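Working notes for the structure below.
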Amino acid sequence: MKEQFLRIYRPLRDFLFSIVNREFLIFLFFLVVSGVFWLLSTLNDTDEYEYAIPISLKGVPRDVIITTGFEDTLRVTIEDRGFMLATYYYARPFKPIALSFQHYAKSNGRGLIPLADLQKNINRNLYSSSKIVSIKPEKLEFYYNHGQSQKIPVRLNGTITPAKSHYLARTHFSPSVVTVYADKSMLDSIKYVLTEELKITNFDDTVVQTVNLQAMKGVKIVPSQVMITLCPDVLTEESVEVPIHAVNMPEGKTLRTFPPRVKVKFVTGASMFRQIKAEHFRVVADFNELSRKPSEKCKLYLRNIPAGVKNAQLEISQVDYLIEQ
């Protein structure tokens, strides 16, 4: 075993202490020494460094709901010598700051923590040589209530454009209704909650995506995210024959049209066509118009159009007619 060690040790020793490698070791020694001096010089210079300090509200009553997300971290920039800044980072990290809810909460459902109070809490953990350069955010504001809430529907916000020859047949939210916490006057004014602005284009298959809800100042939304399902459908051109109805007819008179039915052309989704019936449309001829402007033909109007139908139009807009006593 000893002989094996000597066989490895001797060549390695001879290599390390050869003329060339001895010069390399000397160079490496001075490189390390110069690096140490550079580090000491740098740490002795004045510099700035940003620290993250946790912050929280303490003593929040059980019946109180904080309706605006309270900042849980302060970004504090400190100026001092490098040695001191390194101490804050490695040896003496900042303690979390806990602020009293009762001290800052006002009766109007709002609380404001001024910059001076934040500086006072941070200064307790600083050396005398350290200086606060900046605090972000510069002030902390929170809103609260005592549990007042309301169920509010969710609505889509943004640009949704299916692929060519498709249309958006159905939009589904899960959940479709969220719980909103705010003061009473604000709750009464909120009719719906919007998603964050979306831009989803050129899709020809079902899209399922989790989206954030648009934040509102002084309002807490639970949950803050919903799952949205977008269901596109292939557009198809179809038609149905719809009977013509006379409107505003005086008693004792009857309007007969030739033909009695007219074709309505429209565009809809392929999956919806079977659900669309002729009775979902309403085509009318107005007797009052014929009385004011007598003519050989009566004009037709398309009054009722079912949901999911686009570009509905009459194949003919005028027909022959006869008024019977």
Side-chain angles (χ1 to χ4, degrees), residues 152-173 176-177 189-195 197-207 228-325:
I152 305 291
V154 177
R155 284 195 183 178
L156 183 64
N157 175 35
T159 303
I160 308 297
T161 309
K164 188 177 180 181
S165 300
H166 290 71
Y167 84 110
L168 185 60
R170 186 168 60 89
T171 302
H172 176 71
F173 294 103
S176 59
V177 174
S189 66
I190 299 174
K191 304 303 179 186
Y192 50 82
V193 176
L194 293 174
T195 65
E197 189 166 359
L198 302 175
K199 187 173 183 180
I200 304 174
T201 59
N202 199 33
F203 61 99
D204 57 10
D205 201 359
T206 301
V207 174
I228 183 174
T229 302
L230 304 175
C231 302
D233 197 2
V234 178
L235 287 171
T236 179
E237 188 172 333
E238 303 291 347
S239 65
V240 292
E241 283 198 342
V242 179
I244 300 170
H245 296 274
V247 294
N248 298 318
M249 291 297 298
E251 189 175 350
K253 291 189 177 183
T254 303
L255 176 69
R256 299 192 183 278
T257 61
F258 306 94
R261 306 170 70 89
V262 65
K263 187 176 288 187
V264 178
K265 294 181 177 181
F266 57 92
V267 174
T268 188
S271 62
M272 290 192 64
F273 173 62
R274 294 178 183 176
Q275 304 171 24
I276 297 174
K277 309 296 182 184
E279 54 265 29
H280 296 155
F281 297 87
R282 184 173 174 81
V283 178
V284 302
D286 191 346
F287 178 81
N288 287 343
E289 183 178 344
L290 293 173
S291 299
R292 291 194 305 269
K293 298 179 182 178
S295 64
E296 294 182 357
K297 293 182 179 291
C298 68
K299 188 178 268 188
L300 302 178
Y301 298 93
L302 180 58
R303 292 284 170 84
N304 290 1
I305 301 173
V309 166
K310 295 185 176 182
N311 302 329
Q313 56 186 349
L314 299 171
E315 185 178 51
I316 55 175
S317 60
Q318 292 182 329
V319 293
D320 294 327
Y321 70 95
L322 176 65
I323 298 175
E324 294 181 345
Q325 297 288 347

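Not measured: the values here are computed from a predicted model.
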- Task: Could you list the residues that satisfy salt bridge (Lys or Arg N to Asp or Glu O under 4.0 Å) with Arg256, not counting sequence neighbours?
- Result: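 Salt bridge (Lys or Arg N to Asp or Glu O under 4.0 Å) list for Arg256, sorted by chain: Glu324.
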
Measuring from [X]:[atom1] to [Y]:[atom2], what's the distance to the nearest 0.5 Å?
X: Lys191; Y: Ile152; atom1: NZ; atom2: CD1; answer: 8.0 Å
X: Leu194; Y: Leu156; atom1: CG; atom2: CG; answer: 9.0 Å
X: Leu302; Y: Ser317; atom1: CG; atom2: OG; answer: 11.5 Å
X: Phe266; Y: Thr236; atom1: CZ; atom2: OG1; answer: 9.0 Å
X: Asn157; Y: Thr195; atom1: CG; atom2: OG1; answer: 5.0 Å

Check: [Y] main-chain N/O paired with [X] side-chain donor or acceptor under 3.5 Å:
X: Thr268; Y: Val309; value: no
X: Arg261; Y: Val242; value: no
X: Asn248; Y: Asp286; value: no
X: His166; Y: Lys164; value: yes

- Task: Check the pair Ile228, Phe173 against side-chain contact (heavy atoms from CB on, under 4.5 Å), reporting the backbone distance first and the verdict last.
- Result: CA-CA 5 Å; Ile228 183 174; Phe173 294 103; 3.7 Å; yes

Side chains of [X] and [Y]: does their closest heavy-atom pair fall under 4.5 Å?
X: Lys297; Y: Ile316; value: no
X: Leu168; Y: Leu230; value: yes
X: Tyr321; Y: Leu290; value: yes
X: Thr159; Y: Leu198; value: no
X: Tyr167; Y: Asp233; value: yes
X: Thr161; Y: Phe203; value: no
X: Val240; Y: Glu238; value: no

- Evaluate the criterion side-chain contact (heavy atoms from CB on, under 4.5 Å) for residue pair Leu255 and Phe287; output intermediate values, then yes/no. CA-CA 8 Å; Leu255 176 69; Phe287 178 81; 5.7 Å; no

